[in-house]
There are 2 protein chains.
Amino acid sequence: MVYGEYRLSGMAGESTGSEPDRTLRLLWRSHFGEPVGSRGPKQRSSVDEVVATAVQLADVDGIDAVSMRRIADRLGLKPMSVYTYVPGKAELVDLMVDRVAGEMELPRLDGELPERLARIARLQWEEYLRHPWLLSIDTSRPPLGPNVSDHWEWCLRAIDGLGLSDLDMDRIVTLLLGFVTGPARAHLDAERHRAVDQESAVDWWERNEPLLDEILDAKRYPVSARVGQAAGAVEQAGPSDVFEFGLARLIDGIVDYIGVSAR
Amino acid sequence: MVYGEYRLSGMAGESTGSEPDRTLRLLWRSHFGEPVGSRGPKQRSSVDEVVATAVQLADVDGIDAVSMRRIADRLGLKPMSVYTYVPGKAELVDLMVDRVAGEMELPRLDGELPERLARIARLQWEEYLRHPWLLSIDTSRPPLGPNVSDHWEWCLRAIDGLGLSDLDMDRIVTLLLGFVTGPARAHLDAERHRAVDQESAVDWWERNEPLLDEILDAKRYPVSARVGQAAGAVEQAGPSDVFEFGLARLIDGIVDYIGVSAR
DNA sequence: CGGGTGACCGTATGGTGTACGGAGAATATA
DNA sequence: TATATTCTCCGTACACCATACGGTCACCCG
C-alpha cells in the first residue's frame with residue numbers, strides 16, 4: 001500500500017512571467033468574487049466543493065485517500081475535470097490547509113500573557129486532533145491564504161506590544177506552534193494504533209518482548225529502559241496530559257524570557 | 001510530478017502471529033550476524049547496500065526519488081528482487097532513518113548542562129542539513145533500531161541524574177529535538193528555493209507584490225506585515241542565526257525549569 | 001445568430017508499490 | 001551421490017497515481 005504525502009506547492013508560481021500566482025488567487029477567491037463574464041458552460045461544482053471533498057477524504061481515510069480520481073468520483077465528475085478547478089495536487093493541498101485553518105474561531109486575546117500563549121497552543125492542538133493529516137504535510141512554507149494569514153496575525157497579536165523585537169515575536173510563535181506537533185503526533189499515533197491495528201502499543205510491546213529484551217538490554221540502554229517505561233505508562237493513562245504539562249513548562253520559559261528581554 | 005512521502009512503518013508488524021517483527025530483525029541485523037545455513041543461491045547485494053542506495057537517492061534528489069525501481073537499477077537488479085532484501089517501502093524508510101542516525105558520532109557528554117543541551121540540538125540540526133528528507137518523514141514512531149536507540153539514550157543521559165522525573169526527561173528531549181525542525185525547515189526551504197527555482201524568496205515576493213499589497217493590507221495584518229518584513233530580512237542574512245538564537249532561549253527556559261524542579 | 005470561450009472528458013504516458021508464480025541455483029538430507 | 005528443499009532473481013500483471021493533450025459541445029457576448 002502506498003503511503004503518499006504531498007508537499008505544499010510552496011507558492012512556486014508557474015513561471016509564466018508576470019502572471020502573479022494562480023494559487024494566490026485561488027486562496028483569496030472569496031476576496032475576488034465570482035469571475036464575471038465567463039463564456040463557456042456553467043461549472044457543475046466549485047473550488048470550495050473540491051477542497052471540502054478533499055478535506056473530508058483526508059479526515060476520514062488519511063491523506064493517502066486524497067486523489068484527484070476519488071475527488072472526481074465524489075463530485076460526479078471525471079478525473080480530468082477537477083483540473084478545471086484546481087491547477088494540481090500541490091495547490092489543492094495549499095487550499096486544504098487554508099480551509100481548515102479557517103474553520104475554528106479565533107478566541108479573544110484577553111487575559112494574562114501565559115493564558116494567551118496557552119490559547120495559541122491549544123488551538124493548534126485541537127486543529128491537529130480534528131485534522132491529523134496536517135501532521136503529515138510539509139509545512140515549511142505555509143500557504144499565504146486568508147485563514148492562515150488571519151491565524152498568524154492572531155498569534156502575533158498575542159505577544160505584540162511587550163517590547164519584543166519583531167524577530168523574537170516570529171521565533172516565539174514558531175516555537176510555540178512547533179512544540180505542539182510533538183505531543184500531537186504521539187497522541188494521534190497511539191490512538192491510531194488502538195483503532196486500526198486493534199492492538200494497543202502495549203500489546204505490540206508484549207508480542208515483541210522476547211526480542212526487545214534481548215536487544216534493548218539494560219546494559220546498553222539503562223536510561224532509555226527506565227524512561228521509556230514511564231513514558232509508556234502515561235501514554236496509557238492520560239490523553240493530553242503530556243501536552244498540557246509540557247505546554248506549562250514551555251510557557252514558563254517564554255514568559256521568563258519576555259520579562260528579561262522587555263526590561 | 002508526484003511529491004510522495006512515506007510514513008514509517010510504525011513497527012506495525014505483519015500480524016503473522018508469534019513472529020516478532022521482521023523490521024525489528026532487519027534493524028538489528030548487525031547484531032544477529034549473517035544468516036547461517038541459507039539454502040538458495042547467494043545474494044548479489046545486501047540490505048546495507050539497498051539502504052545506502054536509498055539514502056543516497058534521497059540525499060541527492062529528495063525523498064521522491066527513492067523508488068524500488070530506481071534502487072534496483074542502481075544495484076543491477078530488477079525491481080522485484082529488492083523485496084528479497086526488504087519487506088516493503090515503509091520498512092525501507094525505517095532502515096534509512098536508523099542508518100543516518102548512526103553515521104554521526106555522538107559527542108562526549110561532559111561540560112555544563114546548557115552546553116550538553118545545545119549539543120543535542122546541534123547534532124539534530126546537522127543531521128537535518130545532511131539529510132533534508134528527514135524533515136519530510138512522519139517521525140511519529142521512530143524505528144527502534146540500534147542507532148536511533150543509541151541516539152535516544154545519549155540524549156537522555158545528558159539530563160540524567162538531575163532529579164528530573166522520567167517523564168520530564170522524556171518531555172524535555174522531545175521538546176528540544178522538536179524545536180530544531182522549525183528552523184531547519186525554514187533554512188532548508190530558503191536554500192531549496194535559491195537553488196531550484198533560481199529565484200530567491202525575495203524575487204518571489206517582488207513578483208507577487210502587487211497582488212500581495214492588495215491582499216495583505218496593513219489594516220488587516222498590521223503585525224504580520226511588520227514582523228514578516230523583519231523575519232524575511234534575517235532569512236536573507238544569517239544561515240543559522242535563527243536556530244542558534246532560538247536555541248539559547250529554549251535552553252534558558254529548560255535550565256530554569258530543571259533548577260526549580262530539582263530543588 | 002454566429003464566434004469564441006471554456007467546462008468536461010477520452011485517451012495516453014510514464015510513473016508508483018507490490019502480488020504471484022516460475023526458473024534455476026545452492027545447500028541439506030537420505 | 002542423488003534427491004529434496006529452499007531461497008534468489010525476475011517476468012508479468014494489477015491497480016493505482018498525477019497529469020499532458022486535444023476534442024466536443026454548451027453557453028455567453030457581440
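Chain letters run A, B, ... following the sequence lines, proteins first, then strands; residues in each count from 1. Small disclaimer: the values here were computed from a predicted structure and weren't measured. These numbers come from the heavy atoms of this one structure, side chains and all, not from hydrogens, waters or symmetry mates.
Rounded to whole Å, atom P of C:dC9 lies 11 Å from atom CG of A:Leu75. B:Ile63 places its CD1 atom 14 Å from the C1' atom of C:dT16, with the value rounded to the nearest Å. If you measure from atom CD1 of A:Ile71 to atom C1' of D:dT19, you get 14 Å, rounded to the nearest angstrom. Spacing between atom CG of B:Asp64 and atom C1' of C:dG15 amounts to 12 Å, rounded to whole angstrom units. What separates OH of B:Tyr83 from P of C:dG22 is a distance of 21 Å, to the nearest Å. Nucleotide C:dG15 holds its C1' atom 13 Å from the CG atom of B:Asp73, rounded to whole Å. In this structure, B:Leu92 places its CG atom 14 Å from C1' of C:dT18, rounding to the nearest Å.
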* side-chain contact (heavy atoms from CB on, under 4.5 Å) between B:Arg74 and B:Arg70, worked out -> CA-CA 6 Å; B:Arg74 290 262 177 123; B:Arg70 254 188 285 259; 5.7 Å; no
* Decide yes or no on side-chain contact (heavy atoms from CB on, under 4.5 Å) for B:Leu27 and B:Thr23, but give the supporting numbers first. => CA-CA 6 Å; B:Leu27 284 164; B:Thr23 311; 4.1 Å; yes
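B:Asp98 is linked by a side-chain hydrogen bond (donor to acceptor under 3.5 Å, both in side chains) to B:Asn147, counting only residues two or more places apart in sequence or in another chain.
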Below 3.5 Å, can you tabulate the donor-acceptor pairs from side chains in residues 75-87 of chain A to any protein atom, sequence neighbours excluded?
from    : atom 1 : to      : atom 2 : distance (Å)
A:Thr84 : OG1    : A:Ser81 : O      : 2.5
A:Tyr85 : OH     : A:Arg44 : N      : 3.4
A:Tyr85 : OH     : A:Ser45 : N      : 2.9

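The heavy-atom pair separating A:Trp28 from A:Leu144 by the smallest distance is NE1-O, 2.8 Å. Pairing each heavy atom of B:Ile137 with each of A:Arg185, the nearest pair is O-NH2, 4.5 Å.
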Check: protein-nucleotides 24-26 of chain D nitrogen or oxygen pairs below 3.5 Å:
none

Distances under 3.5 Å between protein N/O atoms and the N/O atoms of nucleotides 9-13 of chain D, please, pair by pair.
from   : atom 1 : to      : atom 2 : distance (Å)
D:dC9  : OP1    : B:Arg44 : N      : 2.5
D:dC9  : OP1    : B:Tyr85 : OH     : 3.3
D:dC9  : OP2    : B:Thr84 : OG1    : 3.3
D:dC9  : OP2    : B:Tyr85 : OH     : 3.0
D:dC9  : O3'    : B:Arg44 : NH2    : 3.4
D:dC10 : OP1    : B:Arg44 : NH1    : 3.3
D:dC10 : OP2    : B:Lys78 : N      : 3.1
D:dC10 : OP2    : B:Ser81 : OG     : 3.1

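Across its full length, the helix from C:dC1-D:dG30 to C:dA30-D:dT1 shows an angle of 0° between the axes of its 5 terminal pairs at either end, rounded to 10 degrees.
Of the residues in residues 51-60 of chain B, not one places a heavy atom less than 4.0 Å from an atom of DNA chain D.
Counting only heavy atoms from C-beta outward, the side chains of B:Trp152 and B:Leu177 approach each other to under 4.5 Å. Taking the side chain as every heavy atom from C-beta outward, B:Asp48 and B:Arg99 approach each other to under 4.5 Å. Within the 4.5 Å cutoff, the side chain of A:Leu216 has no heavy atoms near those of the A:Ser224 side chain. B:His151 places a side-chain heavy atom less than 4.5 Å from the side chain of B:Glu127. Looking at B:Leu92 and B:Met96, their side chains come closer than 4.5 Å, going by heavy atoms from C-beta outward. Side-chain contact between B:Trp125 and B:Leu129 is present, with heavy atoms from C-beta onward closer than 4.5 Å.
Side-chain N or O atoms of A:Arg25 include none that pairs as donor or acceptor with a backbone N or O of A:Arg22 at under 3.5 Å.
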